[in-house]
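Along the sequence shown, residues are numbered consecutively beginning with 1. Keep in mind that what you see is a predicted model, and the values were worked out from it rather than measured.
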Amino acid sequence: MSKEKGELHVTIGEVYSMWSNELFAHNIHRVSKRAVKDRISFAYFLSQGESDAGKASWGIVPMCAKDEQPKFPRTSAAMHLDKYIASMIKGES
């Protein structure tokens, strides 16, 4: 990845990749202790797609181009995290 002065690099997570129907690809986040220079990094978590009281369906449907079918079910960040944690507890990859 190029490193030009003034650039802003945005790392998206798996949920954003799902919400964009894989238009935007997520990466595996790794942190190295061997960085040559310090950098500024911060996490920004959102609760988009969370349940509103009294609504039966919640989560975000993947955004698709005209005539494109969603590759993922309706989901929210919390729903995805719950599923991920449950699979870790069961020992799935």
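- For the pair Pro62 and Pro73, the tightest heavy-atom approach, listed with the atom from each and the gap, is CD-O, 4.1 Å.
- The minimum heavy-atom distance between Gln69 and Cys64, with the atom names listed, is C-SG, 3.9 Å.
- Within the 4.5 Å cutoff, no side-chain heavy atoms of Asn21 are placed close to those of Met63.
- At least one donor-acceptor pair closer than 3.5 Å links the side chain of Ser17 to the backbone N or O of Phe24.
- Contact annotation: the side chain of Thr75 approaches that of Trp19 to within less than 4.5 Å [non-hydrogen atoms, C-beta and beyond].
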Which pairs of donor and acceptor atoms, one on a side chain in residues 78-86, lie under 3.5 Å apart (sequence neighbours left out)?
from, atom 1, to, atom 2, distance (Å)
His80, NE2, Glu14, OE1, 3.2

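- Separation of atoms CD1 (Ile60) and OG (Ser76) is listed at 8.0 Å; rounding is to 0.5 Å.
- By the 4.5 Å side-chain criterion applied to Ile, Leu, Val, Met, Phe, Trp and Tyr, Met18 is assigned to a cluster that also includes Phe72.
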